[in-house]
Structure formats: structure tokens, C-alpha cells
Amino acid sequence: FRNEADGLVTLTDVQLTNNTLGTDTAGNIRGVGGGFYNNGGYVTLNGDSKITGNYAEDGGGFYSDTGGSLVTITGTAGNPIELNDNKARVRGGAFRTTSSTVVNLLYVDVNSNEAEIQRGGGFYNDGGQVLGEQVRINDNVTGTAGRNGDEQGGGFWVDGSGTVSLKQSEISSNFAY
């Protein structure tokens with residue numbers, strides 16, 4: 001799924017599952033946003049929605065790029081939105097955001113995701129603003145490719161001028177090799 005420049009997308013009760021982006025001549029996954037790519041638009045994800053089992057170079061499940069993007073992901077106490085079991089070859093197993101993107105999370109689970117080479121097994125925030133409440137970031141890993149050196153932020157990585165504010169949330173059992 002792709003949203004460009006000031007596009008407005010609302011997804012309710014949607015499953016974005018098992019999407020894989022193409023490979024280069026060496027067989028490496030290329031491209032960003034295995035489940036969803038947002039470039040300067042507005043995205044709302046709610047209801048019984050899941051982003052699971054996707055694979056990309058960066059942002060295995062979701063990639064939001066370009067300043068001015070606004071992403072709102074809202075579940076409920078009994079039915080959180082799931083960003084689980086996604087994989088990025090490089091950064092942001094479940095989610096990668098850049099360039100002053102604003103991400104609002106309420107009742108969201110970010111579990112069992114993987115960044116094979118570098119940072120942010122669950123979430124990689126490079127210059128964005130992440131605001132969350134009742135967010136669980138658990139059992140994510142980074143560095144499974146065994147490069148030794150860049151493997152940081154098993155659950156969450158914040159880079160550049162990025163900011164994060166989480167309330168009543170849990171970050172547990174994440175691992176960087």
C-alpha cells in the first residue's frame with residue numbers, strides 16, 4: 001500500500017500481511033515499507049487492523065517519510081492494533097519514520113519484529129515525533145545478520161532530532177546482538 005503527498009488514507013479492519021518487496025541482483029531485499037509506505041500524507045489505521053509478516057529493506061511493516069506526514073494508529077484496550085512479526089533487512093523491523101513525521105499511537109502492540117543488519121528491531125525513529133499511550137514494544141531483535149557493530153536498539157531506536165513520548169507503555173524483552 002502506498003500513500004503520496006497530501007493523500008488521506010483511513011484503514012479500518014484491514015490486514016496488511018505477508019508482503020515482500022523485490023530484491024537486487026545480489027538477492028538483498030530493497031525498497032521501503034513492506035506493508036505500507038507513506039510519503040507526506042495522512043494515514044489513520046484503526047479497528048481490528050494488523051500489519052504482520054511483511055519484509056522490506058527499511059520499515060518492514062510501515063515506513064513513513066517526508067516532513068508533514070501524520071500517522072495515527074488507534075486500537076482499543078481489548079483489541080490493540082498489531083504490528084507484529086515484520087522484518088527489515090536494515091532498519092525498523094515494524095516501523096520506520098523520518099523527516100519530522102508525527103506518529104500517534106494508542107493501544108498498539110509492536111512485538112516480535114526484526115531488523116537484520118542495523119537498528120530498531122521494533123521501531124526506528126529518524127527525526128520524527130512519536131507520541132504513544134498504552135503501547136507495548138516487546139520481544140523485538142536487531143542484528144540477526146551478525147555484522148557486529150551496528151546492532152542497536154532491539155526494541156526502539158531514536159536518531160537525529162527524533163523525539164519519543166510514551167505513557168503507560170511497556171518496552172520489554174527486546175534484544176540487540
Side-chain angles (χ1 to χ4, degrees), residues 1-7 9 11 13-43 45 49-71 73 81-101 103 105 108-128 130 137-160 162 173-177:
F1 204 99
R2 182 180 182 111
N3 183 36
E4 286 282 343
D6 295 328
V9 175
L11 301 173
D13 300 331
V14 172
Q15 314 292 312
L16 299 172
T17 60
N18 300 321
N19 298 290
T20 300
L21 298 182
T23 60
D24 62 16
T25 57
N28 295 313
I29 291 289
R30 294 295 180 194
V32 296
F36 197 105
Y37 175 72
N38 181 48
N39 185 24
Y42 307 93
V43 179
L45 183 67
S49 294
K50 294 173 180 34
I51 299 176
T52 60
N54 301 291
Y55 190 27
E57 181 174 16
D58 279 3
F62 198 112
Y63 188 104
S64 190
D65 199 6
T66 307
S69 293
L70 175 63
V71 178
I73 302 176
I81 301 292
E82 296 178 11
L83 281 81
N84 298 338
D85 302 310
N86 297 288
K87 185 186 298 188
R89 189 175 73 81
V90 183
R91 293 171 291 266
F95 200 108
R96 179 166 183 204
T97 185
T98 66
S99 305
S100 303
T101 294
V103 180
L105 306 170
V108 176
D109 287 349
V110 181
N111 299 323
S112 302
N113 298 286
E114 175 183 351
E116 295 175 317
I117 295 176
Q118 286 189 6
R119 301 175 180 106
F123 209 108
Y124 185 98
N125 176 14
D126 187 7
V130 178
I137 302 172
N138 300 323
D139 302 311
N140 300 286
V141 297
T142 187
T144 54
R147 280 191 35 186
N148 296 326
D150 291 332
E151 304 80 8
Q152 301 162 345
F156 210 113
W157 176 265
V158 182
D159 208 353
S173 301
N174 299 287
F175 190 78
Y177 285 90

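Asn3 and Asn38 are linked by a side-chain donor-acceptor pair at a separation below 3.5 angstrom, with hydrogens and angles left out of the test.
Electrostatic pairing of Glu116 and Arg89 does not count as a salt bridge here, judged by no charged N lying under 4.0 Å from a carboxylate O.
A donor-acceptor pair under 3.5 Å is absent between the side-chain atoms of Asp6 and the main chain of Gly41, judged by distance alone. Not a single donor-acceptor pair under 3.5 Å links the side chain of Asn19 to the backbone N or O of Gly35. No donor-acceptor pair under 3.5 Å is formed between the side chain of Asp58 and the backbone N or O of Tyr63. Not one N or O on the side chain of Asp109 forms a donor-acceptor pair closer than 3.5 Å with the backbone of Glu82. With hydrogens and angles disregarded, a donor-acceptor distance shorter than 3.5 Å links the side chain of Asn140 to the backbone of Ser112.
No side-chain heavy atom of Asn54 sits less than 4.5 Å from a side-chain heavy atom of Phe62. The shortest distance between side-chain heavy atoms of Tyr124 and Val158 does not fall below 4.5 Å. Considering only heavy atoms from C-beta on, Tyr37 comes within 4.5 Å of Asp65 through its side chain. Ile51 has its side chain within reach of Leu45: a pair of non-hydrogen atoms, C-beta onward, lies under 4.5 Å apart. Under the 4.5 Å side-chain criterion, counting only non-hydrogen atoms from C-beta, Phe1 is in contact with Leu11. Thr97 is not listed as a side-chain neighbour of Val71, based on a closest heavy-atom distance of 4.5 Å or more.
In plain terms, the two heavy atoms of Gln15 and Ser49 that are nearest each other are NE2-CA, 4.4 Å. When all heavy atoms of Glu151 and Gly143 are compared, the pair lying nearest together is CG-CA, 3.0 Å. Minimum interatomic distance between Thr98 and Thr101 (heavy atoms only, all atoms of both residues): O-OG1, 2.8 Å.
Tested against Phe95, the residues Asn113, Val103, Asn125 include a single side chain to side chain contact (heavy atoms under 4.5 Å, CB included) partner, Val103.
Expressed to the nearest 0.5 Å, how far CG of Leu83 lies from CG of Leu16 amounts to 9.0 Å.
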Working for side chain to side chain contact (heavy atoms under 4.5 Å, CB included), residues Arg96 and Asp126: CA-CA 8 Å; Arg96 179 166 183 204; Asp126 187 7; 3.1 Å; yes
